[in-house]
Protein chains: 2
Amino acid sequence: MEFCIGFTILGSNIKSASKVMKTGNGKMGRPISFDKDAALEAAMLLFWERGFEGTSMADLTHAMGLSPSSIYAAFGDKHALFQLAAKRYMEIRAQYAVTALEEPTLERFLRALFDNTVAFLGSKGHPSSCFTLTGAISCGVDVEPAKVLMKEMRLQNEAAIKARLLKARRAGEFPKEENVDDYTRYLSSLLSGLAIQAANGSTRAELKRTAEVALRHLGIER
Amino acid sequence: MEFCIGFTILGSNIKSASKVMKTGNGKMGRPISFDKDAALEAAMLLFWERGFEGTSMADLTHAMGLSPSSIYAAFGDKHALFQLAAKRYMEIRAQYAVTALEEPTLERFLRALFDNTVAFLGSKGHPSSCFTLTGAISCGVDVEPAKVLMKEMRLQNEAAIKARLLKARRAGEFPKEENVDDYTRYLSSLLSGLAIQAANGSTRAELKRTAEVALRHLGIER
DNA sequence: CTTATTACGTAACATTCATTACAGATGTGT
DNA sequence: ACACATCTGTAATGAATGTTACGTAATAAG
């Protein structure tokens, strides 16, 4: 089973995942009759809510409004669908992190990072917490590719944070005595922790106040 | 299905979970031939590693060295076994948190909290990360009791931290302007974040340095 | 229209799931 | 010794799992 991630999470480098290999000659057949994006969105939301193992193909057929054969033809098997759902999550839902990365100064980056995270975790219309945690944090042996993918996505997020901190260091904004790797993991811990808080049922206001404590301890007053 | 937690996590109040209702008269039959504690320990480790949904009864029979009928007779169904495993985890493995709670001063409490957590997450011989996260953070609808149990355990841990902070406030150690609930959730976030770091593959040394950054930002120098 | 080609829904597939029925084994109490 | 209660391994249970075979529907090209 191939299971490599062909997309960088908080950056660009998003390769196309549609492996449509034109089997026959130039002739065309019956075209697809459903909205592929909408179907993938429904699958992504379900994986996000219940995780890989908690989501059955029967659940997916119901949520996507498709028959199994359509899903398999359009997205491949369950692992491939999960991978596409994860990619979609990053492209569509996790952009709040990218916008934070683009803030010009370190302080504005940190503030935006926490503000956007709180806004994301506290908003309605999607599962609480974060796909990279709920998708597959633990699983049976046959599902480990999904677990590895989630871990790689979390690590890529850390890499993006680290790159931003290095930029701040070059700009002279980052304290000399502070270790970039340690600080990166500290920030990553805080953000993961907020996602767990959301899973614990914290309201948006509570998340906001928790993030404010974090920012204050980071030396950022509001 | 009954699924209430009869034990308080970071405190006492641990009720006996052995619901051995003597069905017959006073007569005794064939006694159990296996070490119940060892079997439950094996189940706990497997649930910890793979989560509720990732652990099948077949996996459990193999890991516990028991036949299904023995497991069902001794521990009940899969949900009951999971609950007992969670209880055992708290009683046996999560005591490092209790010892931190008993530290006499706030500063020593915080230092012990992070030191013990790092020592726990970084030690070998058991899955990385924390049972309350890997056990069941997301799942199918029929497994939600397990998910709820994990959430309740995390919230009980927070309650224990809050109680300790309130004690510190009474002792005049806790800043007046700091909100206890917010600070509690902040600490909880940090600890959950460290557990995710461990799941990400952080080494003990890396966890230690990350915790040191956290302690420094908490105003505690080493 | 005819034909080629693909999409689609239904139903089947083998396998695994949690759970239990059954029969024999092993002990306790008398 | 006996009778009895409980344990324990095997095998079976029905349901659910992910996946695919197959017949039919729908479009495109000639």
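So you know, we letter chains A, B, ... as the sequences are listed, proteins then strands, and number each from 1. Please read all numbers here as calculations on a predicted model, not as lab measurements.
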J.: Between C:dA18, D:dT8, C:dC8, which one does the side chain of B:Y72 approach most closely?
T.: C:dA18
J.: Quick one: B:D77 CG to D:dA15 P, roughly how many Å, whole number?
T.: 18 Å
J.: How many angstroms lie between atom OH of A:Y72 and atom OG1 of A:T61, to the nearest 0.5 angstrom?
T.: 10.0 Å
J.: Calculate the interatomic distance between A:F34 atom CZ and C:dT6 atom C1'; express it in whole Å.
T.: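 Taking CZ of A:F34 and C1' of C:dT6, I get 12 Å after rounding.
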J.: Go through the N and O atoms of the side chain of A:R30 and the base of D:dA26, and report whether any donor-acceptor pair is under 3.5 Å.
T.: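 Flag unset: no donor-acceptor pair detected.
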J.: Quick one: which of D:dG18, D:dT10, C:dG9 gets closest to the side chain of B:S67?
T.: D:dT10
J.: Take atom NE2 of B:H62 and atom P of C:dT16, then tell me their distance rounded to the nearest Å.
T.: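 Value for this atom pair: 15 Å.
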J.: How many whole angstroms separate atom CE of B:M28 from atom C1' of C:dT30?
T.: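 It is 15 Å, rounded to the nearest whole Å.
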J.: Return the value, rounded to whole Å, for the distance between atom CD1 of B:I71 and atom P of D:dC7.
T.: 14 Å
J.: Are A:Y89 and A:F82, when compared by the centres of their aromatic rings, separated by less than 6.0 Å?
T.: no
J.: Would you name the heavy atoms of A:K151 and B:N200 that are closest together and state the gap between them?
T.: CE-O, 3.3 Å
J.: Rounded to the nearest angstrom, tell me the gap between atom CD1 in A:I32 and atom P in D:dA28.
T.: 14 Å
J.: Minimum heavy-atom separation for A:S129 to A:L133, with atom names?
T.: OG-CD1, 4.4 Å
J.: Looking at the side chain of B:S70, which of D:dT6, D:dG9, D:dA25 is the nearest nucleotide?
T.: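 When the side chain of B:S70 is considered, D:dG9 is the closest of D:dT6, D:dG9, D:dA25.
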J.: May I ask you to say what B:T61 touches in the nucleic acid, namely base, sugar-phosphate or nothing, with a heavy-atom cut-off under 4.0 Å?
T.: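 No contact.
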J.: What nucleotide among D:dA28, D:dT10, C:dA18 has an atom nearest to a side-chain atom of B:K78?
T.: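 Looking only at side-chain atoms, B:K78 lies closest to C:dA18.
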J.: Which part of the nucleic acid, if any, lies within contact of B:P68, taking any heavy atom under 4.0 Å across all strands shown: a base, the sugar-phosphate backbone alone, or nothing?
T.: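 Since a base atom lies under 4.0 Å of B:P68, the category is base.
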J.: For A:D142 and D:dT17, give me the distance from atom CG to atom P, rounded to whole Å.
T.: 14 Å
J.: Roughly how many Å is it from CG in B:L66 to P in D:dC7, rounded to a whole number?
T.: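 Computing the B:L66:CG to D:dC7:P distance gives 13 Å.
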J.: Check B:N157, B:D181, B:T184 against B:K162 for a side chain to side chain donor-acceptor pair (under 3.5 Å) and give me the one that passes.
T.: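 Filter result, single survivor: B:D181.
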J.: With respect to the phosphate group of C:dA7, does any side-chain polar atom (N or O) of A:S33 fall under 4.0 Å of OP1 or OP2?
T.: no
J.: On DNA chain C, check which nucleotide each of B:G29 and B:M57 is closest to and give me the residue with the more 5' one.
T.: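 On the 5' side of the pair lies B:M57.
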J.: If you pin B:S69 and A:G76 to their nearest nucleotides in DNA chain D, which one's is more 5'?
T.: B:S69
